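Working notes, beginning with the structure itself.
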Amino acid sequence: MQANLADRANNKPLIRVNALTKYFSLKQTWWQQRRQWLQAVHKVTLTIHRGEVFGLVGESGCGKSTFGFLLLRLLQPTSGEIFLGENDIASWSQSALRPLRKRLQLIFQDPYASLNGRMSVGSILGEVLKIHNITLPEQRQQRVAELLETVGLPANVASKYPHEFSGGQRQRIGIARALAAEPEFIVADEPVSALDVSIQAQIVNLLKDLQQRLQLTYLFISHDLDLVEFVCDRVGIMYLGRLLEVLPAKELHNRAQHPYSKALIAAIPQLQAQQPAAKLLLEGDLPSAVAPPSGCVFHTRCPIAQPSCRQQVPKLRRLDSEHEVACDLV
Ligand code: SF4
């Protein structure tokens, strides 16, 4: 799984986003003078290389999932660029995006809610093959059987319905549905957080195995830092829709520099004992994304904030070839 630096340097980026922004308009009430906007994603710049697993972590409501949906163009960005290869697809219409859809797939957090309960598994997978014109009609049944076996399910379950499966099996079906389109980029949005702990390792190992075998590229969204370290090549830390730090996932616990990253790591109980020096504890709640703090958005909770942090917006600056951080004081 761990693509080394040389491999990535030799590869062209698969996804490159520049100042990607998504604001949601809130309903205006009669006493409000101006329309309010929720800043879900704010000027995120990031490159994901072909064959890479990029992890995105942060607290609930930090914009992780919105960012993933933007990359898949399931949402229209407010501004910014999304390069898929050489093409900036940020402003493409839905009809222009249609031929690209099969290249970009999503694995949902809740496998049960994402599967149509009135369709058999064979129909769910066959529909994807049909929509994207992947196989001839007479070959669909065979391809469905192959897909099920690829995700560790017997071919004879194709006639069953989603409610007849366990949570882990349903997530395997969700993964098979994503693979049916023969994608090159998959957004896995908290793919194991709704599953029983005993099942999570099986699904994570399946995702890792598929990524290697099929040379897939993932955006792996999670709030579990240990899981991201295990699965991903690089990790980005998000806070209030901003990207605060990017670094190799294997270095997350030892080399994270941003006070927010350190606070997230310190919040993992078993790691506190291993890393007494990293105990920067988060205080207070996540501020509102409708009226984010001025300057550095983290200054209201940052244990080392200075008066200047209220005014100056720190830019993501490069510490080395694989490490960027948005804080001027580290
Ligand atoms: Fe903390 Fe200031 Fe750095 Fe922001 S810029 S993380 S408030 S020290």
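As the structure is a computational prediction, the values presented were derived from the model and not from experiment. Ligands are counted one by one from 1 in listed order, and the atoms in each one are counted from 1 as well.
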Problem set entry | atom 2 (Fe) of ligand 1 to nearest N/O/S of C327 below 2.8 Å | no
For this session: Please determine if atom 3 (Fe) of ligand 1 has an N/O/S atom from C302 lying under 2.8 Å away.
Result: no
Problem set entry | Salt bridge present between E81 and K43 (N-O < 4.0 angstrom) | no
Exercise. Quick check: does H299 put an N/O/S atom under 2.8 Å from atom 4 (Fe) of ligand 1?
Worked result: no
Exercise. Would one find more than 12 heavy atoms of other residues, nucleotides or ligands at under 6.0 Å from atom CD of E86?
Worked result: no
Exercise. Are R234 and E52 within salt-bridge range, i.e. N to O under 4.0 Å?
Worked result: yes
Exercise. Any idea which atoms of ligand 1 are less than 4.0 Å away from a heavy-atom of P259?
Worked result: 6 (S)
Exercise. For ligand 1, which part of H258 has a heavy atom less than 4.0 Å away: the side chain, the backbone, both, or neither?
Worked result: side chain
Problem set entry | Test: K208 cationic atom under 6.0 Å from F230 six-membered ring centre, within 45° of axis | yes
For this session: Around atom 2 (Fe) of ligand 1, find the nearest protein heavy atom and jot down its residue, atom name and distance.
Result: C309 SG, 2.3 Å
Exercise. Nearest protein heavy atom to atom 4 (Fe) of ligand 1, by residue and atom, and its distance?
Worked result: C296 SG, 2.3 Å
Exercise. Going by atom types alone, do H258 and Y239 pair a side-chain donor with an acceptor below 3.5 Å?
Worked result: no
For this session: Check whether the side chains of S114 and R177 place a donor and an acceptor atom closer than 3.5 Å, and report yes or no.
Result: yes
